[in-house]
Amino acid sequence: MTDNHHQAAADHRASVGRLTQRAAIASVCTAALLIGIKAYAAWRTGSVAMLASLADTGLDFGASLMTLFGVRLAAQPADHDHRFGHGKAEALVALFQVALIAASALAIFARAVQRLVASAPTTDAEFGIIASLIAVGLTLGLLAYQRHVIAKTGSVAIRADHVHYQSDLALNIAVIVALALDHFLGWAGADPVFGLAIALWLLWGAWRSSNAAIDQLMDKEWPEERRRAFVEVASRHPAVRGLHDLRTRTSGSHDFVQFHVWVDPQMSVAAAHDVVERIERDLGAEFPGTEVFIHLDPEGHIDHPGNDLVEADLVAKLKELKPL
């Protein structure tokens with residue numbers, strides 16, 4: 001990787017870090033406000049659905065604090081002991097969030113079953129509905145901002161936090177429906193039944209959130225479509241005779257790619273260096289913030305016989321379809 005490309009990647013990571021930290025701070029502030037509103041509403045109404053929503057928001061607050069810590073750590077530049085940066089801190093935080101969600105869901109499930117058996121009524125349903133409507137408005141605003149940040153950064157920690165608040169939005173709507181059915185239509189079992197549904201929803205959200213975090217910790221390859229797009233850009237230079245040993249991974253909001261390219265065995269070192277710089281510039285424009293490591297091989301040379309050469313075949317097909 002050339003100095004210019006390295007600096008561009010570092011600048012991109014710094015910009016991403018600022019965005020993810022702002023999103024985490026917004027989550028913490030929103031959760032703190034919602035806790036105050038829902039705690040008072042749960043006390044006034046005695047609703048198990050409202051209590052479930054309060055418990056979820058309380059966990060959201062703790063998870064958002066952890067997210068803030070995680071994205072700040074992930075944004076730290078590489079150092080002597082962490083040469084690839086600290087991006088995986090986001091995945092670790094995401095797994096912590098999953099554990100909190102699962103624990104919350106199980107507690108809510110138990111409380112809902114207890115309430116269903118006891119058949120205790122709710123009170124001041126109108127107050128609970130108003131509190132939930134306020135929570136819906138605040139949550140919608142936060143979700144919109146989080147979607148913006150995720151689109152810009154791809155942060156797995158913010159994505160997990162986003163799932164939390166999607167659940168919180170569903171919870172608030174469920175609370176409104178449960179209170180309305182219980183209070184206005186006299187359906188006494190509606191509140192605890194919705195509490196059970198909320199618990200199951202939270203468990204499903206925990207499962208979904210865990211997948212992306214585990215994939216990052218296991219260094220899962222990029223999706224095939226993105227790998228192919230990367231190969232297409234990397235093979236645009238006419239001096240590239242083939243590409244193989246492509247390896248991709250994501251760490252937090254940072255991407256890393258390494259691959260080998262075939263060039264003319266008679267090419268000078270200076271000319272080969274120019275080829276690498278051109279490839280890095282093209283990749284930097286199409287895949288900003290990605291750290292790229294390119295190894296040069298004379299055409300036909302393979303360091304590890306038996307490796308998958310699908311990328312080399314793809315390069316050949318691309319050059320046939322798109323003459324350079």
Side-chain angles (χ1 to χ4, degrees), residues 1-17 19-20 74-75 77-78 83-88 90 150-156 215-216 219-264 267-299 301-304 307-324:
M1 174 180 280
T2 60
D3 290 341
N4 288 338
H5 185 75
H6 181 80
Q7 184 59 47
D11 291 343
H12 182 268
R13 287 196 299 272
S15 176
V16 165
L19 277 174
T20 55
R83 300 301 296 273
F84 290 95
H86 302 78
K88 287 189 177 181
E90 289 198 17
I150 291 168
K152 293 286 187 181
T153 68
S155 169
V156 67
D215 285 346
Q216 285 202 11
D219 286 332
K220 184 177 180 179
E221 289 283 343
W222 288 358
E224 186 61 27
E225 182 178 349
R226 193 179 185 204
R227 282 169 55 87
R228 286 184 174 273
F230 188 91
V231 169
E232 182 174 0
V233 175
S235 63
R236 286 176 183 171
H237 197 289
V240 174
R241 305 289 181 84
L243 187 156
H244 62 103
D245 282 355
L246 174 65
R247 301 180 185 183
T248 60
R249 67 186 182 91
T250 299
S251 179
S253 54
H254 309 152
D255 292 312
F256 298 88
V257 181
Q258 64 184 66
F259 59 93
H260 293 211
V261 293
W262 283 336
V263 296
D264 185 346
M267 182 177 290
S268 69
V269 173
H273 179 266
D274 290 341
V275 170
V276 169
E277 283 201 325
R278 168 68 182 278
I279 295 172
E280 288 181 346
R281 283 197 302 270
D282 291 345
L283 291 172
E286 297 288 337
F287 299 87
T290 301
E291 290 204 22
V292 180
F293 304 89
I294 303 175
H295 179 80
L296 288 169
D297 283 330
E299 185 176 3
H301 176 77
I302 303 175
D303 291 329
H304 305 287
N307 279 356
D308 188 358
L309 297 182
V310 172
E311 290 85 10
D313 294 338
L314 178 58
V315 171
K317 292 178 181 178
L318 287 170
K319 290 182 179 292
E320 291 175 2
L321 294 173
K322 300 179 181 180
L324 296 172

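Along the sequence shown, the residues carry numbers beginning at 1.
Here the CZ-CZ distance, from R247 to F259, works out to 13.5 Å after rounding to the nearest 0.5 Å. If you take CG on L283 and CG on D255, they are separated by 12.0 Å, rounding to the nearest 0.5 Å. In this structure, OG1 in T250 is found 9.0 Å from CZ in F256, a value given to the nearest 0.5 Å. A distance of 11.0 Å separates CG in D274 from CD1 in I279, rounded to the nearest 0.5 Å.
Legend: residues meeting salt bridge (charged side-chain N to carboxylate O under 4.0 Å, His left out) with D264, ordered by chain and number and at least two apart, are R241.
Salt-bridge check for R228 with E232: failed, with every basic side-chain N at 4.0 Å or more from each acidic carboxylate O. Taking 4.0 Å as the cut-off between side-chain N and carboxylate O, R278 and D282 count as a salt-bridged pair. No salt bridge links R249 with E221; every basic N to acidic carboxylate O contact stays at or beyond 4.0 Å.
Residues V240 and S235 approach most closely at CG1-CA, 4.4 Å, considering heavy atoms. R227 and L246 make their closest contact through NH1-O, 3.7 Å (heavy atoms, listed as atom of the first residue, atom of the second, distance).
The shortest side-chain heavy-atom distance between I294 and E280 falls under the 4.5 Å cut-off. Side-chain atoms of H244 and D297, non-hydrogen and from C-beta on, do get closer than 4.5 Å to each other. Looking only at side-chain heavy atoms (C-beta outward), F287 and V233 come within less than 4.5 Å of each other.
Ring pair W222/F230 is perpendicular by interplanar angle, where above 60° counts as perpendicular and below 30° as parallel. Ring orientation note: the planes of H260 and H295 are tilted relative to one another, at an angle of 30° to 60°.
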